[in-house]
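The structure appears right after this line, and notes come after that.
Letters go in sequence order (proteins before strands), and every chain restarts at 1.
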Protein chains: 2
Amino acid sequence: MTTARRAILRALENSEDHPDALMLHDRAKEFDPTIAQATVYRTMRLLEQEGLVEKHDFGNGRARYEEAEKEQHDHLINLSTGEIIEFHDTDLEALKIEIAKRLGFDLKDHRLELYGVPKE
Amino acid sequence: MTTARRAILRALENSEDHPDALMLHDRAKEFDPTIAQATVYRTMRLLEQEGLVEKHDFGNGRARYEEAEKEQHDHLINLSTGEIIEFHDTDLEALKIEIAKRLGFDLKDHRLELYGVPKE
DNA sequence: TTTGCACTTGATAATCATTCGCAATTATGG
DNA sequence: CCATAATTGCGAATGATTATCAAGTGCAAA
């Protein structure tokens, strides 16, 4: 456990949005001003492998991260603002597993993103 | 409508898998040996904007394409082989729309990928 | 507390998919 | 056919991410 990693972890914990590597770098610099961008990438990869972080691609070319301990959820992206909304639906979870089973597979992972605009 | 575009379209029509830009380039060379990689990218971007092609990211760093006229479907990726299986589920479609509505959004687009391994 | 040493780091170069710039070529309307 | 606009091929540029490598750091054993 090093200074750099502590800084990145704190930056991540303080982030309610789903930051990308650049945002994390900026935020981590507050705790360790000399931290390098490469260290952020290395640490996020490490945390992802450890299962402590989830990496997402919301389609803007760079990966977004969030802590992984939370209960299972999916994302709705507000196309008007870019805001990311988390949601959970039990029926949906069950249906995903059911569909995979029907096709002859054990579901190992999945990814669902809804893209929408505010009603009316 | 140029030679290059005809070659790319034919390559795409002949592809049942979900080819990436490199695969399309190789296949299109069969019809137009001098075609450039950049032309494939340009053409795919064009076709996507026209709504004739769908672009997917199955998590291997490069985009995969498929014709867009087909009926709505999602994808299940076989983690053991990389094979991509298309499926459609009416309940799932309805549920996506319903969830977006519940959150106050009109669903404009969505992306669902299931990753699984063959049962037992 | 030192020391040893494996693990990290910062800086920078390398990679990989994709996009750009531009001169040369081709499609197309008249 | 001709003129103009659109498209191509090539190679360079881009942007996110990863690799390299010498220097620095955490930490367990002495």
* Asked: Starting at CG of A/L24 and ending at P of D/dT17, how long is that distance when rounded to a whole Å?
  -> 11 Å
* Asked: With a non-hydrogen cut-off below 4.0 angstrom, is A/A38 in contact with a base, only sugar-phosphate, or nothing?
  -> base
* Name the closest nucleotide to the A/T39 side chain, picking from D/dT8, C/dT9, C/dT19. => C/dT9
* **A/M1 CE - C/dA6 C1' separation (whole Å)** => 17 Å
* Looking at the rings of B/F87 and B/H73, which for Trp means the six-membered one, are their centres under 6.0 Å apart? -> no
* Contact check, side chains of B/R111 and B/D57, non-hydrogen atoms, under 4.5 Å -> yes
* Asked: Below 4.0 angstrom from OP1 or OP2 of C/dT18, is there any side-chain N or O of B/Y41?
  -> yes
* What nucleic acid atoms does A/I35 come within less than 4.0 Å of, heavy atoms only: base, sugar-phosphate, or nothing? -> sugar-phosphate
* To do: Check the distance between D/dT17's C1' and A/L46's CG and give it to me in whole angstrom.
  => 16 Å
* Rounded interatomic separation in angstrom, taking NE2 from B/H56 and P from C/dA17 -> 19 Å
* Spacing of B/I8 atom CD1 relative to D/dG9 atom P, expressed in whole Å -> 8 Å
* Atom-pair distance (CD on B/Q37; P on D/dG11), nearest Å -> 14 Å
* Does B/R45 have a side-chain nitrogen or oxygen under 4.0 Å from the phosphate oxygens OP1 or OP2 of C/dC20? -> yes
* Do the side-chain N or O atoms of B/T2 get closer than 4.0 angstrom to the phosphate oxygens (OP1, OP2) of D/dT8? -> yes
* Evaluate the side-chain proximity of B/I77 to B/E113: yes if any heavy-atom separation is below 4.5 Å, no if none is. => yes
* Please work out if A/R42 contacts a base, only the sugar-phosphate, or nothing of the nucleic acid, heavy-atom cut-off 4.0 Å. => base
* Give a yes/no answer on whether the side chain of B/R5 brings an N or O atom under 4.0 Å of OP1 or OP2 in D/dT7. => yes
* Asked: Judged by modelled atom types alone, do B/H56 and B/E66 share a side-chain donor-acceptor pair under 3.5 Å?
  -> yes
* Asked: Which sits closer to the 5' end of DNA chain C, B/G61 or A/A36, going by the nucleotide each is nearest to?
  -> A/A36
* **Donor on one side chain, acceptor on other, A/E54 and A/H18, under 3.5 Å** => no
* Closest listed nucleotide, where the reference is the side chain of A/D32 and the choices are D/dA19, C/dG10, C/dT18 -> C/dG10
* Separation of A/D20 atom CG from D/dT17 atom P, in whole Å? -> 8 Å
* **Atom-to-atom span, CG of A/N60 to P of D/dT17 - whole angstrom** => 11 Å
